[in-house]
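Excluded from the calculations below are hydrogen atoms, water molecules and symmetry mates; all remaining heavy atoms, backbone and side chain alike, are included.
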Amino acid sequence: MPPQGAANVAVALAQSVEYQGRKASRHGSEQRRQLILDAAMRIVIRDGVRGVRHRAVAAEAGVPLSATTYYFKDIDDLINDTFAQYVERSAAFMAKLWQGTEGKLREMMAQGDGSHRARGLLADDIARMTADYLQRQLLTRRDQLMAEQAFHQAALINPRLAVLVRAHQQIFLQGAGQIFEVLGSTQPQQDAKVLTAIIGRMEYQALLDGAQPEADDDRLAILTRYMHLVLAAL
């Protein structure tokens, strides 16, 4: 993968997201369509994907029922486009995150001398960066993480949604793979799959358990152990 490859993947995905519902064609109609999508997302966060129904979305958005059926004749189109918008925005966010992370990681590596001690310190720093990222996610993007969980569950029985979920997962997987490639891993994608699985499990558990101060220390300890194991093998 070339430098900034993970960021490029995220940008490409953000630009390639396709919507299924009817496009806005009149002045002011895009604003109404946006109200509908935003309302559907709030319902997903609050009630899950099963709560997305034309009447419920129209009431939440404060628009006539005819507006939701005009843009989204099929409720699956509405669900798909709600997550498609989320994926598009998430991809743009992750592109910036990966670009900054890769640059910082290269600086950190340049400061080390390749010794065992230097690798240990690097493992500590990467684990701390990852734990800080998780903490920020849980503090500032809890609703979005709740929505992700709901869409991922629904994708098990919705093939169209599954395509978007896999694309969304690929953003994070590519970024993590880039990190391990920069670190010199001989199996960066395998290491990335393990790390993303750990993070995914931590996010789910934190959403399930709620705020628990001791959980922050536990997450950091697990991430530190994992990064030390990976870097020790290089």
Side-chain angles (χ1 to χ4, degrees), residues 6-99 133 136-175 200 203-204 206-207:
N8 289 338
V9 168
V11 169
L13 178 58
Q15 295 172 343
S16 68
V17 170
E18 296 183 0
Y19 292 91
Q20 303 297 321
R22 182 177 296 187
K23 306 299 186 292
S25 58
R26 300 188 304 273
H27 178 68
S29 60
E30 179 57 38
Q31 182 179 8
R32 174 167 283 190
R33 188 177 187 278
Q34 188 62 57
L35 286 173
I36 293 169
L37 290 175
D38 289 344
M41 178 59 82
R42 291 195 297 273
I43 291 174
V44 169
I45 294 168
R46 186 177 64 235
D47 303 323
V49 173
R50 290 185 178 183
V52 179
R53 295 291 182 267
H54 281 298
R55 290 188 182 278
V57 173
E60 180 75 23
V63 301
L65 178 60
S66 58
T68 65
T69 55
Y70 172 79
Y71 290 110
F72 307 98
K73 292 183 179 180
D74 186 336
I75 198 67
D76 282 345
D77 285 347
L78 175 52
I79 292 171
N80 183 90
D81 283 12
T82 301
F83 190 54
Q85 179 174 261
Y86 177 81
V87 172
E88 183 179 26
R89 292 175 175 176
S90 180
F93 167 78
M94 292 302 291
K96 294 179 180 179
L97 175 67
W98 289 132
Q99 187 172 12
Y133 162 80
R136 288 195 303 273
Q137 288 284 95
L138 294 167
L139 288 174
T140 65
R141 300 186 71 249
R142 182 181 178 83
D143 285 352
Q144 289 88 338
L145 294 179
M146 290 288 290
E148 281 185 25
Q149 294 291 339
F151 282 116
H152 286 197
Q153 184 69 27
L156 296 175
I157 56 173
N158 186 328
R160 283 198 297 169
L161 200 56
V163 172
L164 277 172
V165 167
R166 284 193 289 269
H168 184 247
Q169 290 175 328
Q170 194 65 18
I171 305 171
F172 203 62
L173 187 61
Q174 289 283 6
E203 288 178 341
Y204 177 82
L207 292 172

What I want to check is whether the side chains of Q149 and E203 have a donor and an acceptor closer together than 3.5 Å. no
Could you verify whether a donor N or O on one side chain and an acceptor N or O on the other, from T69 and H54, lie under 3.5 Å apart?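 Absent: no donor and acceptor within the cut-off.
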Please assess E60 against R46 for the test side-chain contact (heavy atoms from CB on, under 4.5 Å), listing each intermediate value before the final yes or no. CA-CA 12 Å; E60 180 75 23; R46 186 177 64 235; 3.2 Å; yes
If you count the non-hydrogen atoms of other residues, nucleotides and ligands that lie under 6.0 Å from [atom1] in [X], is the total more than 12?
X    : atom1 : answer
L156 : CG    : yes
Y204 : OH    : no
Q153 : CD    : no

Taking all heavy atoms of [X] and all of [Y], pick out the closest pair and write down the distance.
X   : Y   : answer
V52 : I43 : N-CG2, 3.9 Å
A40 : L78 : CB-CD1, 4.2 Å
Y71 : I36 : CD1-CD1, 3.8 Å

Partner set under side chain to side chain contact (heavy atoms under 4.5 Å, CB included) for N158, not counting sequence neighbours: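 By the side chain to side chain contact (heavy atoms under 4.5 Å, CB included) rule, N158 matches D76, R160, L161.
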Considering residues at least two apart in sequence or located in another chain, which fulfil the side chain to side chain contact (heavy atoms under 4.5 Å, CB included) criterion with A147?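 Residues passing side chain to side chain contact (heavy atoms under 4.5 Å, CB included) with A147: M41, V44, I45, F151.
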Under 3.5 Å, is there a donor-acceptor pair between the side chain of T140 and the main chain of R136?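 Yes, because the side chain of T140 sits within donor-acceptor range (under 3.5 Å) of the backbone of R136.
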Could you walk me through whether L37 and F72 pass side-chain contact (heavy atoms from CB on, under 4.5 Å), step by step? CA-CA 10 Å; L37 290 175; F72 307 98; 3.7 Å; yes
H168 and Y86 aromatic ring geometry - parallel, tilted or perpendicular at 30°/60° bounds: tilted
Evaluation steps, side-chain contact (heavy atoms from CB on, under 4.5 Å), between D143 and R42: CA-CA 9 Å; D143 285 352; R42 291 195 297 273; over 6 Å; no
